[in-house]
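Input: a single structure, listed below in structure tokens.
Chain letters run A, B, ... following the sequence lines, proteins first and then strands; every chain starts at 1.
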There are 2 protein chains.
Amino acid sequence: MTSLDSPPQAVPGDTGAAGKQIPPAAVARLTIYLRALNSLLAEGIERVSSESLAEASGVSSSTLRKDLSHVGSYGTRGVGYEVQYLSRHIAAALGLTHDWKVAIVGAGNLGKALARYGGFESRGFDVVAIFDADQMVVGNEVGWLRVSDVADLETVLERTGANMVVLALPAAVAQSVCDRVVAAGVHSILSFAPVMLQVPEDVNLRKVDMATELQILAYHAQRAQTPGQPN
Amino acid sequence: MTSLDSPPQAVPGDTGAAGKQIPPAAVARLTIYLRALNSLLAEGIERVSSESLAEASGVSSSTLRKDLSHVGSYGTRGVGYEVQYLSRHIAAALGLTHDWKVAIVGAGNLGKALARYGGFESRGFDVVAIFDADQMVVGNEVGWLRVSDVADLETVLERTGANMVVLALPAAVAQSVCDRVVAAGVHSILSFAPVMLQVPEDVNLRKVDMATELQILAYHAQRAQTPGQPN
DNA sequence: AGCTGTGAAAGAATTCACAGCA
DNA sequence: TGCTGTGAATTCTTTCACAGCT
């Protein structure tokens, strides 16, 4: 499995079996295992089996083992995984070894909620700036930060060295701000704006959409209610 | 395609080709088409081709056509789709014909942001209650609502007829509140708490996790940075 | 004996390519 | 002619089942 589409020579400065790309579905779950591992760690548990880590993460044990196999072989047959060791290797595979600097654009309710959300710092994400267009809001304190004027977006992104941006702003202005962020050289964007944003290929855009999530729930709820299909 | 695992008799009170279950991946995208259609509608555009609706939604046209085929045949060959007509049928397929009543548990930054988020009402979701455990917060105004005491969860859920719950609370209390919500008869839950929640089979739980999203971005950003794999 | 790691099988989702209708 | 709707081909994901270490 080590080499399928690349020559059968060992990878030089290799940390484990990495280097090969991990399937998207697996990447998404690895973040969940990581969280589960860290909470085991907090409880002082040192070893875990694929079976119980899978249960704690809400997946099947075969899915978990297959996912981990993309990262490397960090378990011991007959025994299980060492929690801290595995956690470190997953973090490395996900690129969480150094901190990422996150700027939030939009200091409305959502932007503020995100800026104050403790979950980021603890997971290797530093919120380094928050912007708003409203002059009434610019200069206000949010968490440890002061709200910058979105007019200074480029300058502040550069100065703070932000390499990720979270868009927490109205749909109407999302595309234009997004364009500026991209032009400023940021390649990783997480958008909460309920619109399809257009970005160049080399920019990674992810979307979180609360209305969509509720609509998906609605679909399933409706299905459950309908009398038909007794199967 | 009409009937594969059910007898070949026509569905009785059928609105279109519905009745059959729609694949999860398609359901998620249908909500996006619906949004795109509604924004076309707002612009006064009456007809659209699969090609341009797909572009506006960020998917390929074949994916779009396949997805729509699960809902029914509402296009005209050689012409395209009538925007309003298609929008109605997708909404019907998703169960968005009647309003859903949403209660939010947790009136922290995130809970407040959600309660005030305009996007819900306009999409058929009514926020009917918001809860918090903190007595300093109970009674406060948030949007059009007053914060209820989470101690009264069961009573208020019943009184307001809430059939969906959004959990916007700390990981530590998420499971116990979730259990109470389930016991109160709610089958659709959207959680923002960064933990794996355990729910019975017949309850639909979806998760939104901002830290996970950033971690996925980090993975891709790291890959893009590494010099290796010239392919 | 027990649990991981992984090929091989099964199942979903996506893309292709074209028949069928306006 | 042009665009939808859909079988067939392809690719991606999950599950199975067991060989391989400890």
Side-chain angles (χ1 to χ4, degrees), chain A residues 1-5 8 16-18 20-33 37 40 45-83 85-87 89-90 93 216, chain B residues 1-5 16-18 20-33 37 45-83 85-87 89-90 93 216:
Chain A
M1 160 269 157
T2 337
S3 49
L4 258 154
D5 46 17
K20 268 212 64 64
Q21 77 139 346
I22 303 172
V27 171
R29 284 186 302 255
L30 283 168
T31 67
I32 297 171
Y33 308 150
L37 287 168
L40 290 176
I45 294 166
E46 291 181 356
R47 264 206 234 95
V48 69
S49 67
S50 68
E51 193 62 58
S52 62
L53 181 54
E55 161 132 36
S57 309
V59 302
S60 73
S61 69
S62 51
T63 295
L64 178 127
R65 291 203 305 278
K66 180 67 86 183
D67 288 347
L68 292 185
S69 78
H70 298 294
V71 175
S73 305
Y74 300 115
T76 310
R77 290 168 197 231
V79 178
Y81 304 90
E82 225 204 295
V83 173
Y85 185 68
L86 181 57
S87 160
H89 279 287
I90 293 178
I216 295 172
Chain B
M1 162 269 159
T2 336
S3 48
L4 258 153
D5 47 15
K20 268 212 64 64
Q21 78 139 346
I22 302 172
V27 171
R29 285 186 302 256
L30 283 168
T31 68
I32 296 170
Y33 309 150
L37 286 168
I45 294 166
E46 291 181 354
R47 264 203 235 99
V48 69
S49 67
S50 68
E51 192 63 56
S52 62
L53 182 54
E55 160 132 37
S57 309
V59 302
S60 72
S61 69
S62 52
T63 295
L64 178 128
R65 291 202 304 278
K66 181 69 86 183
D67 288 347
L68 293 185
S69 79
H70 297 295
V71 175
S73 304
Y74 299 115
T76 310
R77 290 169 197 231
V79 177
Y81 304 90
E82 225 203 296
V83 173
Y85 185 68
L86 182 58
S87 160
H89 279 287
I90 294 177
I216 294 172

For A:Ser60, which contact category applies under a 4.0 Å heavy-atom criterion: base, sugar-phosphate, or nothing?
sugar-phosphate
Hey, what are the protein-to-nucleotides 19-22 of chain D N/O distances that come in under 3.5 Å?
{"unit_1": "D:dG20", "atom_1": "N3", "unit_2": "A:Arg77", "atom_2": "NH1", "d": "3.1"}
{"unit_1": "D:dT22", "atom_1": "O4'", "unit_2": "A:Arg77", "atom_2": "O", "d": "3.2"}

Does [X] place a side-chain N or O at less than 4.0 Å from the phosphate oxygens OP1/OP2 of [N]?
X       : N      : answer
A:Ser49 : C:dC3  : no
B:Tyr81 : C:dA22 : no
B:Ser50 : D:dC3  : no

If you round to the nearest 0.5 Å, how far is [atom2] of [Y] from [atom1] of [X]?
X       : Y       : atom1 : atom2 : answer
B:Leu68 : B:Tyr33 : CG    : OH    : 6.5 Å
B:Tyr81 : B:Ser49 : OH    : OG    : 9.0 Å
B:Glu51 : B:Leu64 : CD    : CG    : 9.5 Å
A:Ser52 : A:Leu40 : OG    : CG    : 7.5 Å

[X] [atom1] to [N] [atom2]: how many Å, rounded?
X       : N      : atom1 : atom2 : result
A:Glu51 : C:dG2  : CD    : P     : 14 Å
A:Tyr74 : C:dT6  : OH    : P     : 12 Å
B:Leu53 : D:dC3  : CG    : P     : 14 Å
B:Lys20 : D:dT6  : NZ    : C1'   : 15 Å
B:Leu64 : D:dC3  : CG    : C1'   : 12 Å
B:Glu82 : D:dC3  : CD    : P     : 17 Å
A:Leu68 : D:dT15 : CG    : C1'   : 16 Å
A:Tyr85 : C:dT4  : OH    : C1'   : 14 Å

Could you name each residue pair satisfying salt bridge (charged side-chain N to carboxylate O under 4.0 Å, His left out) that touches residues 53-65 of chain A, not counting sequence neighbours?
none
Using side chain to side chain contact (heavy atoms under 4.5 Å, CB included) as the criterion, list what pairs up with [X], not counting sequence neighbours.
X       : value
B:Ile32 : B:Ser57
A:Glu82 : A:Tyr85
A:Ser62 : A:Ser60
A:Pro24 : none

Is there a residue in residues 22-33 of chain B whose heavy atoms reach under 4.0 Å of DNA chain C, and which residues are they?
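By residue number: B:Pro23, B:Pro24, B:Ala25, B:Arg29.
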Shortest non-hydrogen contact between A:Leu37 and A:Val83, atoms and distance:
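Closest approach of A:Leu37 to A:Val83, heavy atoms only: O-CG1, 3.4 Å.
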Considering all heavy atoms of both residues, which atom of A:Val48 and which atom of A:Leu53 are nearest to each other, and what is their separation?
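Smallest interatomic distance, heavy atoms only, reads CG2-N, 3.8 Å.
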Listed nucleotide nearest any side-chain atom of A:Thr63, set D:dT15, D:dT4, D:dT6
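So the side chain of A:Thr63 is nearest to D:dT15.
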Close N or O pairs between protein and nucleotides 16-18 of chain D (under 3.5 Å):
{"unit_1": "D:dA17", "atom_1": "N6", "unit_2": "A:Arg65", "atom_2": "NH2", "d": "3.4"}

Mind checking what makes salt bridge (Lys or Arg N to Asp or Glu O under 4.0 Å) contact with B:Arg29, not counting sequence neighbours?
B:Asp67
